[in-house]
K.L.:
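One structure coming up, written as structure tokens, with questions to follow.
Just so you know, residue 1 is the first one in the sequence shown, and it goes up from there.
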Amino acid sequence: MELQAIYQTLGVSPGVYRYGEAALQRLRDRFADIDRVAEYNQAKVLHAMQQNRVNATHFAATTGYGYDDQGRDNLERVYAGVFHTEAALVRPQITCGTHALTVALSANLLPGDELLSPVGAPYDTLEEVIGIRPGKCSLREYGVTYAQADLLPDGGFDYAAIRSKLNDRTKLVTIQRSKGYATRPSFSVEQIGELTAFCKSLKPDVKVMVDNCYGEFVETREPSDLGADMVVGSLIKNPGGGLAPIGGYICGTKECVERCAYRLSAPGLGQEVGANLGLMPAFYQGLFLAPTVTAGALKGAVFAANLYEALGFSCVPNASEDRHDIIQAVTLGSREAMLAFCRGIQAAAPVDSYVTPEPWAMPGYDSEVVMAAGAFVQGSSIELSADGPIRPPYAVYFQGGLTWQHAKVGILMSLQKLVEAGLVKLPD
Ligand SMILES: *Cc1c(COP(=O)(O)O)cnc(C)c1O
């Protein structure tokens with residue numbers, strides 16, 4: 001009763017609250033499984049920090065060139081420890097996930113090489129990076145070609161197509177773990193491992209890069225545990241734990257990561273330069289919190305799927321499927337419903353709760369996008385957020401929540417707004 005009353009002060013009606021509680025009753029076992037993965041990953045991160053003797057000197061700020069930056073260098077060893085790779089590049093100078101992926105691709109592809117995506121079209125922003133859509137300074141402009149094998153209608157890998165596309169010039173294979181703005185399934189680490197092994201069986205020296213955005217710490221293993229040469233992601237998603245205010249990471253073989261460092265800074269300089277600007281406490285502590293923050297976000301995603309599927313909306317993943325990333329797609333079927341959903345997420349935020357999300361033509365995306373986010377770190381999507389391109393099937397992509405409790409408020413508020421707009425009627 002007390003909870004229902006405090007939720008009412010946030011704008012959640014008793015009916016919506018009770019509907020949510022009923023859905024939650026069915027999720028105890030799922031949540032226990034998520035907690036077990038978090039427990040494993042917490043130990044994994046802790047072990048990497050202990051092995052690398054993290055201490056207070058690693059939190060010191062550096063400026064200028066950043067030569068001999070102990071905190072930065074050790075953080076990279078910790079990341080390599082967590083992802084079980086030879087090397088890592090973890091920098092505030094990597095501005096976002098797209099930048100990290102761009103560095104990894106352009107460092108490891110030379111004119112005449114071909115890039116292959118065996119999992120269909122990549123994330124929207126990579127289209128201009130690769131040159132699928134014309135873009136200045138794209139890989140295509142530098143003479144790197146691109147090939148793609150689409151997924152089978154059931155979302156599985158089309159091994160025959162991959163075999164036919166992989167050729168003498170194929171230098172690098174890019175595998176996107178998370179669905180991004182598509183309604184295909186996200187891939188498990190196991191599936192990515194199988195695909196990696198298949199590509200390497202056809203061409204042993206081909207490099208495999210995994211776009212690991214939103215997948216970190218969702219399972220106990222990462223794609224680098226199963227043969228990927230590089231795993232790449234953003235620090236304002238899972239591995240920053242909500243505390244990193246900027247940054248990206250590339251973990252992988254020494255050979256690949258070294259090239260990334262030369263691409264990011266300059267040939268000859270590589271990993272030696274790049275001051276940490278006082279961000280080390282946030283990077284270390286964020287990584288430390290990342291397994292449990294990711295678990296909270298996952299619980300939110302599972303809760304949302306259960307709530308919305310029961311109301312007749314198609315959800316990817318569905319209410320009972322295993323999870324491979326923190327994203328929940330809910331197909332709402334109309335522009336109005338997308339806007340109502342996003343208004344609810346926005347209204348539930350700790351920051352900017354009073355603003356109304358409006359669709360806009362966001363750079364890097366080819367249709368209007370609506371975004372709800374009231375985050376401590378601008379654009380952070382490990383914080384509770386929802387977004388989606390305004391185009392059929394009008395799916396909203398929901399993710400994040402620094403705590404499960406906040407994710408729950410957000411989801412209930414999204415439903416509240418749909419109910420208030422007359423777009424959803426709760427069963428009596
Ligand atoms: C978020 C994301 C990116 C790009 O990251 P930004 O930080 O937004 O540039 C790339 N791939 C996937 C799958 C993502 O989810």
K.L.:
How about Q346 and T356: do any of their side-chain heavy atoms sit closer than 4.5 Å?
P.N.:
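The answer is no, as the side chains (C-beta and beyond) never meet within the 4.5 Å cut-off.
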K.L.:
Going by the rule salt bridge (charged side-chain N to carboxylate O under 4.0 Å, His left out), which residues pair with R72 if we only count those two or more places apart in sequence or in a different chain?
P.N.:
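Testing R72 for salt bridge (charged side-chain N to carboxylate O under 4.0 Å, His left out), a comparison that skips the adjacent residues, returns none.
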K.L.:
Would you mind reporting whether L402 and I382 have side-chain heavy atoms less than 4.5 Å apart?
P.N.:
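Side-chain contact under 4.5 Å: yes.
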K.L.:
Distance-only check: which donor-acceptor pairs under 3.5 Å involve side-chain atoms of residues 263-281, not counting sequence neighbours?
P.N.:
unit_1	atom_1	unit_2	atom_2	d
S265	OG	A261	O	3.1
S265	OG	G270	N	3.1
S265	OG	G270	O	2.9
Q271	NE2	E76	OE1	3.0
Q271	NE2	A88	O	2.8
N276	OD1	T62	N	3.3
N276	OD1	G278	N	2.8
N276	ND2	A60	O	3.1
N276	ND2	T62	OG1	3.4
N276	ND2	D69	OD1	3.1
N276	ND2	D69	OD2	3.0

K.L.:
Taking the side chain from Q176 and the backbone from Y123, do they hold a donor-acceptor pair closer than 3.5 Å?
P.N.:
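Yes, the answer is positive, given that a donor and an acceptor are paired below the 3.5 Å cut-off.
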K.L.:
Please examine the side chains of P223 and I175, heavy atoms only from C-beta on, and report whether any two atoms are closer than 4.5 Å.
P.N.:
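With C-beta onward as the side chain, the pair stays apart.
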K.L.:
Sequence neighbours left out, what passes side-chain contact (heavy atoms from CB on, under 4.5 Å) with V54? Give chain and number order.
P.N.:
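Counting only residues at least two positions away or on another chain, V54 forms a side-chain contact (heavy atoms from CB on, under 4.5 Å) with M49, H58, F59, N74, V78, Y284.
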K.L.:
Is there a side-chain contact between T196 and I192, using heavy atoms and a 4.5 Å cut-off?
P.N.:
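Side-chain contact under 4.5 Å: yes.
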K.L.:
With heavy-atom distances below 4.5 Å as the criterion, would you say the side chains of F157 and L151 are in contact?
P.N.:
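Yes - at least one pair of side-chain heavy atoms lies under 4.5 Å apart.
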K.L.:
What pairs of donor and acceptor atoms, side-chain ones from residues 287-296 against any protein atom, are under 3.5 angstrom apart with sequence neighbours left out?
P.N.:
unit_1	atom_1	unit_2	atom_2	d
T292	OG1	L289	O	3.0
T294	OG1	A290	O	2.7

K.L.:
Determine yes or no for a side-chain-to-main-chain donor-acceptor pair under 3.5 angstrom, with N55 supplying the side chain and R53 the backbone.
P.N.:
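The answer is yes, because a donor-acceptor pair under 3.5 Å joins these two groups.
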K.L.:
For K200, what residues pass the side-chain hydrogen bond (donor to acceptor under 3.5 Å, both in side chains) criterion, not counting sequence neighbours?
P.N.:
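Here the qualifying residues are D229.
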K.L.:
Just distance, no hydrogens or angles: give the donor-acceptor pairs under 3.5 Å from side chains in residues 239-255, sequence neighbours left out.
P.N.:
unit_1	atom_1	unit_2	atom_2	d
Y249	OH	N212	ND2	3.1
Y249	OH	E216	OE2	2.6
T253	OG1	C256	N	3.2

K.L.:
Using a 4.5 Å cut-off on heavy atoms from C-beta on, say whether the side chain of V144 contacts that of L105.
P.N.:
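No, every pair of side-chain atoms sits at 4.5 Å or beyond.
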K.L.:
For the pair Q416 (side chain) and L412 (backbone), establish whether a donor and an acceptor sit closer than 3.5 Å, ignoring hydrogens and angles.
P.N.:
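No: the side chain of Q416 does not pair with the backbone of L412.
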K.L.:
Tell me, please, which residues at least two apart from E383 pass salt bridge (charged side-chain N to carboxylate O under 4.0 Å, His left out).
P.N.:
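E383 satisfies salt bridge (charged side-chain N to carboxylate O under 4.0 Å, His left out) with no residue once adjacent residues are dropped.
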K.L.:
Are S188 and H324 close enough that some pair of their side-chain heavy atoms sits under 4.5 Å apart?
P.N.:
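Side-chain contact under 4.5 Å: yes.
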K.L.:
Under 3.5 Å, side chain of H406 to main-chain N/O of G400, donor-acceptor pair present?
P.N.:
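No; judged by distance alone, with no hydrogens or angles, the pair does not exist.
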K.L.:
Quick one: list whatever passes salt bridge (charged side-chain N to carboxylate O under 4.0 Å, His left out) with E368, sequence neighbours left out.
P.N.:
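E368: salt bridge (charged side-chain N to carboxylate O under 4.0 Å, His left out) contacts with R335.
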K.L.:
Donor-acceptor pair, distance only, cut-off 3.5 Å: does the side chain of K44 make one with the backbone of T220?
P.N.:
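It does hold such a pair.
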K.L.:
Nearest 0.5 Å please: distance from the CD atom of Q399 over to the OG atom of S380.
P.N.:
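So the gap between those two atoms works out to 9.5 Å.
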K.L.:
Please report the closest heavy-atom contact between C199 and V206, naming both atoms and the distance.
P.N.:
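Where C199 meets V206 most closely, the heavy atoms are O-CG1, 3.9 Å.
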K.L.:
With a 6.0 Å cut-off on ring centres, are F313 and F341 close enough?
P.N.:
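Between F341 and F313, which both carry aromatic rings, the centre distance is not below 6.0 Å.
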K.L.:
Sorted by first residue and then second, give each ring-ring contact (aromatic ring centres under 6.0 Å, His included) pair with at least one member in residues 198-231; sequence neighbours left out.
P.N.:
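For residues 198-231: Y159-F198.
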K.L.:
Can you see whether Q328 engages R323 through a side-chain donor-acceptor pair at a distance of less than 3.5 angstrom?
P.N.:
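Result is yes, a qualifying pair exists.
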K.L.:
Can you check whether A87's main-chain N or O pairs, donor with acceptor, with T85's side chain at less than 3.5 Å?
P.N.:
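Checked: pair present.
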K.L.:
I need the full list of side-chain hydrogen bond (donor to acceptor under 3.5 Å, both in side chains) pairs touching residues 96-120, with sequence neighbours left out, sorted by first then second residue.
P.N.:
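Sorted result for residues 96-120: T95-H99, T98-T125, D113-K171, E114-T145, E114-N167, E114-R169.
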K.L.:
If you count heavy atoms of other groups shown closer than 6.0 angstrom to CD of Q285, is the number above 12?
P.N.:
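Not more than 12 within 6.0 Å, no.
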K.L.:
Does this structure show an ion pair linking D325 with K179, if we count only N-O contacts that are shorter than 4.0 Å?
P.N.:
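Salt bridge: yes.
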K.L.:
I'd like to know if the side chain of R133 reaches the main chain of D124, judged simply by a donor and an acceptor atom lying under 3.5 Å from each other, with no hydrogens or angles considered.
P.N.:
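Checked: pair present.
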K.L.:
Begin with the C-alpha distance, continue with both residues' side-chain angles, and end with the deciding distance and a verdict on salt bridge (Lys or Arg N to Asp or Glu O under 4.0 Å) for R36 and D33.
P.N.:
CA-CA 5 Å; R36 268 193 295 277; D33 289 343; 2.5 Å; yes
K.L.:
Check for a donor-acceptor pair, side chain of E222 on one end and backbone N or O of V231 on the other, with a separation under 3.5 Å.
P.N.:
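Checked: no pair found.
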K.L.:
Can you name the residues that form a ring pair (Phe, Tyr, Trp, His ring centres under 6.0 Å) with F376, not counting sequence neighbours?
P.N.:
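Partners of F376 under the ring pair (Phe, Tyr, Trp, His ring centres under 6.0 Å) test: none.
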K.L.:
Once ring pair (Phe, Tyr, Trp, His ring centres under 6.0 Å) is applied, do any residues pair with Y7, and if so which ones, sequence neighbours excluded?
P.N.:
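Checked Y7 against ring pair (Phe, Tyr, Trp, His ring centres under 6.0 Å); matches are Y17.
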